[in-house]
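Below: the structure, in structure tokens.
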Amino acid sequence: MIDIDERREAEARLRTLTDVVPAFVWFASPDGQLHFLNDRWCAYTGLDTRASLPDGWIEAVHPDDRARTAAVWSDARERGVTYEIEVRYRRHDGAYRWYMARAEPLRDPGGTITAWFGTSTDIHDRKLAEDGLRELNETLESRVAERTGELLKTEEALRQSQKMEAVGQLTGGVAHDFNNLLTIIRSSVDFLRRPELPEARKARYLDAVSDTVDRAAKLTGQLLAFARRQTLAPQVFDLGDRLRAVAELLDTVTGARIRVVTEVPEISCAVRADLSQFETALVNIAVNARDAMDGEGTLTLRLTCTCPLPAIRGHAASAQPFAAIALTDTGSGIAPEVLDRIFEPFFTTKEVGKGTGLGLSQVFGFAKQSGGDVAVESVLGAGTTFTLYLPEVAAETLPHVAVAAAEPASPIGSGQRVLVVEDNVEVGTFATQILEDLGYETSWAANAEEALDRLGSEGADFDVVFSDVVMPGMGGLALAQELRRRMPRLPVLLASGYSHVLAQDGTHGFSVLHKPYSAEQLGRLLRQVTAPKRDALSTR
């Protein structure tokens with residue numbers, strides 16, 4: 001047994017040793033009761049040992065930290081793990097400072113906890129610095145968030161401004177071009193109303209009206225192409241064959257002083273796209289190249305097969321196989337400050353009257369709607385390269401297309417019964433008049449539901465249905481699909497000026513007459529869609 005004197009001597013030596021440590025040093029029994037605190041604790045708190053032991057030390061802990069401290073100390077004892085907590089202790093003058101309290105369990109050789117050895121180290125200055133840094137970071141984050149919000153608002157305002165500018169440019173361009181076209185039509189109609197107008201001049205004005213309508217239709221087609229809302233007729237074709245054919249066409253477009261070079265690999269490279277729109281896109285690029293070269297230079301058409309789609313204008317790249325059709329000119333190049341705007345409708349760097357600003361818009365819209373994209377690289381004074389990317393597909397064996405017999409100049413019907421489905425009264429009236437003048441018998445339904453009632457279960461009273469696509473309720477495409485299900489032998493011809501359904505999903509195999517259409521176009525398509533039925537009747 002250790003007598004009292006030896007114990008006091010040992011405690012005195014312990015105090016001497018622990019008082020040189022720059023921290024509070026304490027010991028606790030296995031159950032957590034403190035039985036030793038060094039003199040630094042007493043000097044700091046103003047509490048003597050009797051007041052602090054065994055549980056009085058908790059009175060020096062900040063009221064807000066007591067419950068948390070007791071819980072962490074209890075958990076450490078129960079689990080026999082290191083005790084560690086940041087806590088505030090009250091100084092003898094009433095001020096509080098932050099300390100890191102830490103204790104380790106002391107174990108005998110058998111692993112049983114015999115005591116706890118603990119220290120509490122002053123971390124007040126570090127804590128204040130951390131708190132200050134945290135407040136500074138929070139302030140900075142708040143200011144950054146505020147500035148970011150302001151920046152986002154500014155960017156949004158800029159985007160809206162640019163959007164409105166683009167809409168204004170588009171609206172102004174459409175209004176300008178259509179007003180020019182309408183001026184020609186109106187003036188021509190005014191002259192045609194004059195009874196004394198000579199036949200030669202009457203024919204000239206009629207030709208002017210017809211040509212102007214064609215120009216208006218081309219204008220709306222270019223706008224729909226840019227908006228990716230045109231109705232496409234995709235087919236699989238070999239790019240090498242088409243590029244060679246287009247190169248011959250470009251010789252006449254670009255002029256004799258521009259050399260057209262074609263570089264096509266020997267391997268086959270097939271895409272699925274609207275062939276007419278594809279050729280139009282190449283012609284539009286070639287026309288820009290011709291103007292950039294001032295009618296003299298070299299235009300190179302280069303086909304690269306099975307290449308990835310690069311990132312273009314911020315859009316993600318794709319590792320899928322694409323065909324790249326590059327058109328490179330030796331012209332004046334495009335200024336960097338306008339390079340990002342060249343695909344905008346009605347934006348042009350050409351002189352007034354030398355360009356509508358819609359050619360490259362058509363290229364952009366066609367490429368995007370076909371699942372591809374178009375890239376442009378240009379160096380002032382060194383030329384420009386437009387690269388059209390289209391997704392590659394497996395080559396298909398194209399069926400032999402028989403040469404159709406020549407149609408008469410003005411296809412005339414022979415009393416076939418046509419059900420016209422059109423919700424617009426003026427268009428419906430005009431369509432029935434055209435068909436009757438072409439030799440057809442007509443009946444008019446104002447909507448698809450009425451048309452189905454007129455047709456009955458077999459549609460025996462009609463030889464063909466001529467329907468608009470965009471109508472309230474059931475649309476023309478849905479009507480055609482329903483008729484295909486009910487009456488597969490009844491031909492259907494659709495008419496559309498614009499339909500997002502057709503633009504997105506295609507025509508589903510139905511013939512489509514695009515507005516504005518002529519009487520000749522309507523008659524020709526009606527003869528085509530009713531030909532199988534006429535052939536069937538003629539063989540009976």
Side-chain angles (χ1 to χ4, degrees), residues 166 169 173 222 225-226 239 242-244 246-265 269 271 273 277-305 307-315 317 322-370 372-390:
Q169 177 178 300
Q222 289 173 315
F226 169 75
L239 281 173
R242 296 318 309 164
L243 281 183
R244 294 186 186 94
V246 170
E248 297 178 5
L249 170 65
L250 295 184
D251 279 329
T252 61
V253 173
T254 57
R257 294 188 301 158
I258 291 181
R259 178 169 169 256
V260 179
V261 179
T262 306
E263 298 179 4
V264 178
C269 187
V271 297
Q277 290 294 324
F278 170 73
E279 293 177 345
T280 299
L282 297 187
V283 170
N284 284 334
I285 296 175
V287 168
N288 277 272
R290 176 199 65 193
D291 296 342
M293 292 186 286
D294 198 19
E296 184 172 1
T298 301
L299 176 62
T300 303
L301 280 69
R302 182 179 297 105
L303 172 62
T304 305
C305 302
C307 60
L309 175 68
I312 302 174
R313 290 180 296 277
H315 295 279
F322 279 77
I325 306 98
L327 285 81
T328 302
D329 65 58
T330 57
S332 57
I334 303 171
E337 59 269 20
V338 301
L339 199 59
D340 291 338
R341 301 192 61 194
I342 59 174
F343 296 113
E344 295 178 10
F346 297 106
F347 178 81
T348 180
T349 58
K350 300 177 184 178
E351 298 177 12
V352 176
K354 292 191 175 181
T356 63
L358 286 173
L360 293 181
S361 299
Q362 182 273 336
V363 177
F364 172 82
F366 162 73
K368 299 296 283 186
Q369 193 172 351
S370 301
D373 210 333
V374 57
V376 57
E377 297 176 348
S378 186
V379 178
L380 278 177
T384 301
T385 297
F386 285 91
T387 305
L388 183 63
Y389 291 92
L390 296 174

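Each residue takes its place number in the sequence, starting with 1. Side chains included, hydrogens not; waters and symmetry mates left out as well; all remaining heavy atoms used.
Taking all atoms of both residues into account, the shortest heavy-atom contact from Asp373 to Lys368 is OD2-NZ, 3.3 Å. Of all heavy-atom pairs between Pro265 and Leu303, the closest is CD-O, 3.3 Å. In plain terms, the two heavy atoms of Pro308 and Tyr389 that are nearest each other are O-CE2, 4.1 Å. Minimum interatomic distance between Thr387 and Ala324 (heavy atoms only, all atoms of both residues): CG2-CB, 3.9 Å. The two atoms that bring Pro310 and Ala317 nearest to each other are C-CB, 3.8 Å, heavy atoms only.
Judged purely by atom type and a 3.5 angstrom limit, Arg313 uses its side chain to pair as donor or acceptor with the backbone of Val374. Side-chain atoms of Thr330 come within 3.5 Å of backbone atoms of Thr298 as a donor-acceptor pair (strictly under, hydrogens ignored).
Annotation: the span from Asp294 atom CG to Ser332 atom OG amounts to 8.5 Å, rounded to 0.5 Å. Note: Asn288 CG to Asp329 CG = 9.0 Å, rounded to the nearest 0.5 Å. Here the CG-CZ distance, from Leu239 to Arg244, works out to 10.5 Å after rounding to the nearest 0.5 Å.
Put simply, the side chain of Val283 reaches to within 4.5 Å of the side chain of Leu250, judged on heavy atoms. Side-chain contact check for Thr304 versus Cys269: every heavy-atom pair is 4.5 Å or farther apart. Residues Thr262 and Val246 have side chains not in contact (no heavy-atom distance under 4.5 Å, counting atoms from C-beta outward). Leu299 is listed as a side-chain neighbour of Met293, based on a closest heavy-atom distance under 4.5 Å.
Here side chain to side chain donor-acceptor pair (under 3.5 Å) pairs that include residues 376-385, with residues two or more places apart or in two chains, are Thr328-Thr385, Ser378-Thr384.
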*Between Leu301 and Ile325, is a side-chain contact (heavy atoms from CB on, under 4.5 Å) present by the stated rule, with each step listed?*
CA-CA 7 Å; Leu301 280 69; Ile325 306 98; 5.8 Å; no
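The aromatic rings of Phe366 and Phe278 are tilted relative to each other, their planes meeting at an angle between 30° and 60°.
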